[in-house]
Amino acid sequence: MRLSKEQLERFDREGYLFFPGQFTPEETCALNHAVPELYSRREAYNVREKGKDAVRTNFAAHMYSEPFARLARHPRMIGPVMDLFDEQVYMHQFKINGKAAFEGDVWQWHQDYGTWLNDDMMPTERAMNVAIFLDDVNEHNGPLMFIPGSHKKGVVEAKHDLTTTSYPLWTVDNALIETLVDRAGGKDGGIVSPKGPAGSMILFHSCLVHASGSNLSPWHRVSVYLSLCAVSNHIRRFKRPEFIAHRDFTAIEMLPDDCLLKDYTVDLPWKDGLPASALQTSSVPFDEMKKAA
Ligand code: SIN
Ligand code: MN
């Protein structure tokens, strides 16, 4: 899938592109069906909401679940990002966020690249998120909120929030959010929330400031996020476990466009469980690790 000139310009201006109904119900069917069993697993890769059993984020399903391994190679998700970077990409992070009915907690205001820089030492912002909705997303079930154009600010100041939710995040404080929203149009478009049917896709810049509210509705809001990084921009530190920030920088080889409808063979390196190495961490930067070896 190629992006048009108009789409490239809009992406540059607003920092995101929304593709309602990018995948059909037939295509998302196997993905949807696989989620409850993945969430039921008592594994480190299932991070639950603070004080609850509901899964907030399942990490790295593309390493142990066939339907998600196929999605992780889908040309409609990978193609546009390779197009934008003019380079091959690898999977930096893969998550299935639950945002469960009644239970799904907030995601504080943040830029993803803030966390990738501060925790993983990713050299530049040449990495991108592609989200796909597995449930319909409406104004009630905690849609993503974006501040259009906020990616143009580059990396903004952030603090490491270890307490608000069950998942540590580098978050942006309220005063700066207020300024950014004002600059983006205030009440007139300063915050946008793409909403649409299951199968819709969003592509968003790694510096775009975003958040989502809690889900008090009776509807789940399961979404999958592929965080794709240009191969040359791979992370330089392994401070977070490998199931959160991947260490295999091999370029993704795309499958054919019908890969969610046919059983193409995919490699599932973690199908028998997480290797011990995927849990190990090191705060030493890559270069120093290499020198010491
Ligand atoms: C994220 O920002 O990584 C996730 C936000 C959400 O799922 O609402
Ligand atoms: Mn994010």
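Note that this is a predicted model, so its numbers are computed, not measured. Counting from 1, the numbers follow the sequence of the chain as shown. Values below: every heavy atom of this structure, side chains too, minus hydrogens, waters and symmetry copies. Order of listing sets the numbers, starting from 1, for every ligand and every atom in it.
Counting heavy-atom neighbours within 6.0 Å of Glu253 CD, excluding the residue itself, gives a total of 12 or less.
Note: Tyr167 and Phe59 have tilted aromatic rings, judged against thresholds of 30 and 60 degrees for the angle between ring planes. Ring geometry for His92 versus Trp116: interplanar angle over 60°, hence perpendicular rather than tilted (30 to 60°).
Partner of Asp120 under the salt bridge (charged side-chain N to carboxylate O under 4.0 Å, His left out) criterion, out of Arg237, Arg240, Arg247: Arg240 alone.
Rounded to 10°, the angle formed at the Mn ion (ligand 2) by OD1 of Asp112 and NE2 of His110 is 90°.
Of all protein heavy atoms, the one lying nearest to atom 3 (O) of ligand 1 is Lys95 NZ, 3.2 Å. With hydrogens left out, the protein atom closest to atom 6 (C) of ligand 1 is Tyr225 OH, 3.2 Å, a heavy atom. Closest to atom 8 (O) of ligand 1, if we only count protein heavy atoms, is Ser212 OG, 2.6 Å.
Close contacts of ligand 1 with His210, meaning ligand atoms under 4.0 Å from a residue heavy atom, involve 1 (C), 2 (O). Near Leu144, meaning under 4.0 Å from any of its heavy atoms, are these atoms of ligand 1: 5 (C), 6 (C), 8 (O).
Residue contacts with ligand 1, taken as heavy atom pairs separated by less than 4.0 Å, involve Arg221 solely via side-chain atoms from C-beta onward. Counting heavy atoms closer than 4.0 Å to ligand 1, residue Asn129 contributes nothing at all.
A salt bridge links Asp12 with Lys152: the closest approach of a Lys/Arg side-chain nitrogen to an acidic carboxylate oxygen falls below 4.0 angstrom. Salt-bridge formation is not detected for the pair Arg48/Asp105: no Lys NZ or Arg NE/NH1/NH2 atom is positioned less than 4.0 Å from an Asp or Glu carboxylate oxygen.
Of the polar atoms of Asn97, at least one N or O is found under 3.5 Å from an N or O of ligand 1, judged by distance alone.
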